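Read through the structure below, which is laid out as C-alpha cells, and then see the notes.
Everything numeric here is computed off the predicted structure, so don't read it as measured data.
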Amino acid sequence: ETRGEVIWVRPRPVLGGRSESRLAPLAERLGLAHVTLSLDDEKKLARALASFPAVLHAAGPFVFTGPPMMRACIEAGVHYLDITGELGVLEQAFALDAAARDRGVTLLPGVGFDVVPTDCLALHVARQVPGAVRLDIAFGHSVLSYNDDATITFINEDMVDRVTRHRRDGWAIRLAF
C-alpha cells in the first residue's frame with residue numbers, strides 16, 4: 001500500500017511517542033495508528049508494549065530514553081532496537097543482556113547512523129586496501145541539541161566520553177588527550 005512516498009508492508013508499524021499533539025498529525029499523514037507513551041512509568045510502558053513483537057526506538061537523547069525503554073521491553077518480552085551510537089547506551093544494553101536473554105528478548109542498539117554506516121565504511125575501505133593492518137574512523141559530537149517543549153542544548157557526559165574513545169579489537173578504548 002502506498003501513501004505519498006511511503007510504502008507500507010504488513011505488518012504495519014504503529015508510531016509511538018511522548019507528545020500526542022506532535023504524534024497524531026504525523027500518524028494521520030502516514031495513515032498509521034499511534035500510541036502516546038511515557039518513559040516515566042516503566043511498568044505502565046511495559047504493559048503498553050506487550051502486544052507488539054518489537055520496538056524500534058528512535059527518540060533521544062538515548063542516554064536518557066534508552067535504558068527505561070530497554071527495561072520495559074525486557075519486562076514485556078518485546079525485542080528492542082534503536083538508532084543510537086551513544087556508547088553508554090550500548091554498554092547499558094550489554095549490562096541488561098542476561099535479563100533480556102532470560103526473557104527471550106533481543107536488545108539490539110546501534111542499528112542507525114552512528115554504527116551501521118561506519119562499519120560498512122570500514123568494510124569497504126578494508127576491501128579497497130588489502131593488506132592494511134589498521135583503520136581509524138573518527139566522528140563525534142561536541143554539543144547535542146534537541147527540541148521538546150523548549151529547546152535545550154547541553155553537553156552530555158556520555159557524548160564527551162564517546163568522542164574520547166575508539167574501537168580496537170572489538171573494545172571501546174579510551175583515548176588520551
Checking the side chain of R12 only, and the main-chain atoms of A33 only, is there a donor and an acceptor separated by less than 3.5 Å? no

With a 4.5 Å cut-off on side-chain heavy-atom distances among I, L, V, M, F, W and Y, is there a chain of contacts connecting V89 to L108? yes

Between the side chains of H34 and E20, does any donor sit under 3.5 Å from an acceptor? yes

Got V111 and L56 here, is their nearest side-chain heavy-atom distance under 4.5 Å? yes

Out of curiosity, L45 CG to K43 NZ, how far, rounded to the nearest 0.5 Å? 11.5 Å

Atom pair CG/OG1 of L39 and T65 - distance to nearest 0.5 Å: 6.5 Å

Mind telling me whether H57 and Y80 have parallel, tilted or perpendicular rings, with 30° and 60° as the class edges? tilted

Do Q92 and M70 have side-chain heavy atoms sitting under 4.5 Å apart? yes

Value rounded to 0.5 Å, distance of OG1 in T84 from CG in L90: 6.5 Å

How long is the gap from CG on L96 to CZ on R103, to the nearest 0.5 Å? 13.0 Å

Find the distance between CG (L49) and CD (E42) and round it off to the nearest 0.5 Å. 10.5 Å

If you take all heavy atoms of G104 and H79, which pair is closest and at what distance? O-CE1, 3.2 Å

Looking at every heavy atom in both I83 and A58, which two are closest together, and how far apart are they? CD1-CB, 3.8 Å

If you round to the nearest 0.5 Å, how far is CD1 of I74 from CG of L107? 4.5 Å

With a 4.5 Å cut-off on side-chain heavy-atom distances among I, L, V, M, F, W and Y, is there a chain of contacts connecting L32 to L26? yes

